[in-house]
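Structure record follows, encoded as structure tokens.
Counting starts at 1 for both ligands and their atoms, in listed order. Predicted model only: the values in this text are computed from it and were never measured.
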Amino acid sequence: MAYIYDDQNIFAKILRGEIPNDTVLETEHSLAFRDIAPQAPVHVLVIPRGAYTCYDHFALEASDAEIVDFTRAVGRVCEMMGVQADAAGDGCRLIANGGRHGVQEVPHLHVHVLGGRGLGRMLAPAE
Ligand code: AMP
């Protein structure tokens with residue numbers, strides 16, 4: 001089975017500069033911007049510039065350079081937002097929803113960086 005990427009998704013449009021975003025970090029292969037409907041005081045989305053639908057697609061098919069850049073971008077965003085899980089920060093939750101059961105709304109890989117308050121347990125019951 002192949003991953004099918006829809007280049008009309010809203011994050012593809014952000015990457016092409018067709019719609020605005022509130023940028024937090026730009027790197028060679030990644031972009032981080034604030035979520036338009038934040039679920040916590042800190043809610044930033046980190047996306048690769050490449051056309052990957054979800055985390056497993058990216059993990060299987062991205063180049064080493066893209067994977068390193070993206071992973072470091074997530075770490076840098078945590079630090080920049082002060083939500084890193086070290087002695088100086090209060091920690092965060094990283095979420096990458098995928099597909100139907102993951103209830104992914106935008107089919108371009110994004111890691112949610114959530115923090116700034118207690119986030120409760122990991123999973124809520126399915127609706
Ligand atoms: P998911 O359900 O994991 O696909 O999450 C998609 C996220 O994208 C949601 O948290 C939305 O609030 C967010 N979102 C949708 N459109 C935009 C946008 N134009 N700029 C920033 N965040 C967006």
Side-chain angles (χ1 to χ4, degrees):
M1 288 293 283
Y3 295 90
I4 297 166
Y5 183 80
D6 170 14
D7 68 4
Q8 293 307 306
N9 78 76
I10 197 144
F11 295 168
K13 292 179 181 177
I14 284 177
L15 286 164
R16 290 195 295 267
E18 294 168 10
I19 59 172
N21 73 94
D22 187 357
T23 298
V24 167
L25 177 70
E26 286 187 88
T27 68
E28 183 180 359
H29 295 294
S30 310
L31 175 68
F33 52 91
R34 292 181 202 280
D35 196 290
I36 202 166
Q39 305 288 310
V42 173
H43 190 171
V44 174
L45 303 173
V46 188
I47 70 173
R49 294 186 187 278
Y52 302 102
T53 61
C54 57
Y55 204 101
D56 39 303
H57 185 197
F58 182 72
L60 289 167
E61 296 187 10
S63 68
D64 290 1
E66 290 174 302
I67 290 171
V68 169
D69 181 293
F70 183 74
T71 305
R72 296 274 190 228
V74 171
R76 285 176 63 192
V77 166
C78 291
E79 244 180 17
M80 289 168 69
M81 298 292 114
V83 299
Q84 74 278 20
D86 69 359
D90 288 323
C92 59
R93 180 165 299 145
L94 308 179
I95 298 175
N97 295 317
R100 187 164 56 90
H101 281 184
V103 195
Q104 181 181 12
E105 288 173 12
V106 180
H108 181 110
L109 167 60
H110 48 285
V111 167
H112 297 255
V113 177
L114 293 150
R117 65 167 171 82
L119 295 164
R121 295 181 67 83
M122 186 169 67
L123 292 178
E127 291 166 9

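Glu18 CD to Gln8 CD: the interatomic distance, rounded to the nearest 0.5 Å, is 7.0 Å. Separating the NE2 atom in His110 from the CZ atom in Phe33 is a distance of 8.5 Å, to the nearest 0.5 Å. Note that the CZ atom of Arg49 and the CD atom of Glu66 stand 11.0 Å from one another [nearest 0.5 Å]. Remark: Leu119 CG to Leu114 CG distance equals 6.0 Å, nearest 0.5 Å.
In this structure, Asn21 does not count as a contact residue of ligand 1, since none of its heavy atoms falls inside 4.0 Å of the ligand.
In terms of polar-atom proximity, defined here as any N/O pair under 3.5 Å, Ile19 makes no such contact with ligand 1. Note: an N/O pair closer than 3.5 Å links His110 and ligand 1 by distance alone.
Ligand-side atoms of ligand 1 in range of Asn97: 1 (P), 2 (O), 3 (O), range being under 4.0 angstrom from any heavy atom. In the vicinity of Gln104, heavy-atom distances shorter than 4.0 Å reach the ligand 1 atoms 4 (O). Counting the atoms of ligand 1 from 1 in the order shown, those under 4.0 Å from a heavy atom of Ala37 are 12 (O). Here is the list of ligand 1 atoms found below 4.0 Å of a heavy atom in Glu105: 1 (P), 2 (O), 4 (O). The His112 neighbourhood of ligand 1 comprises atoms 1 (P), 3 (O), 5 (O), 7 (C), 10 (O), with distances under 4.0 Å to a heavy atom of that residue. For ligand 1, the atoms lying closer than 4.0 Å to a non-hydrogen atom of Arg34 are 21 (C). Against a heavy-atom cut-off of under 4.0 Å, Phe33 is close to the following atoms of ligand 1: 21 (C).
At a heavy-atom cutoff of 4.0 Å, ligand 1 is contacted by both the backbone and the side chain of Asp35. Looking at Val103 against ligand 1, only its backbone comes within 4.0 Å, counting heavy atoms.
Looking from atom 8 (O) of ligand 1 to the surrounding protein, the closest heavy atom is Phe11 CZ, 3.4 Å.
A heavy-atom distance below 4.5 Å is not found between the side chains of Val103 and Asn97. Proximity of Phe70 to Val111: side-chain heavy atoms (C-beta onward) are separated by under 4.5 Å at one or more points. Residues Pro48 and His108 are in side-chain contact: their nearest non-hydrogen atoms beyond the backbone lie under 4.5 Å apart.
The salt bridge (charged side-chain N to carboxylate O under 4.0 Å, His left out) check on Arg34 picks up Asp22, with sequence neighbours excluded.
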Pairs under 3.5 angstrom only: tabulate donor-acceptor contacts from the side chains of residues 74-84 to other protein residues two or more places apart or in another chain.
{"from": "Gln84", "atom 1": "NE2", "to": "Asp86", "atom 2": "OD1", "distance (Å)": "3.3"}

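The residue from Leu45, Leu109, Val44, Ile36 that puts a heavy atom closest to atom 20 (N) of ligand 1 is Ile36.
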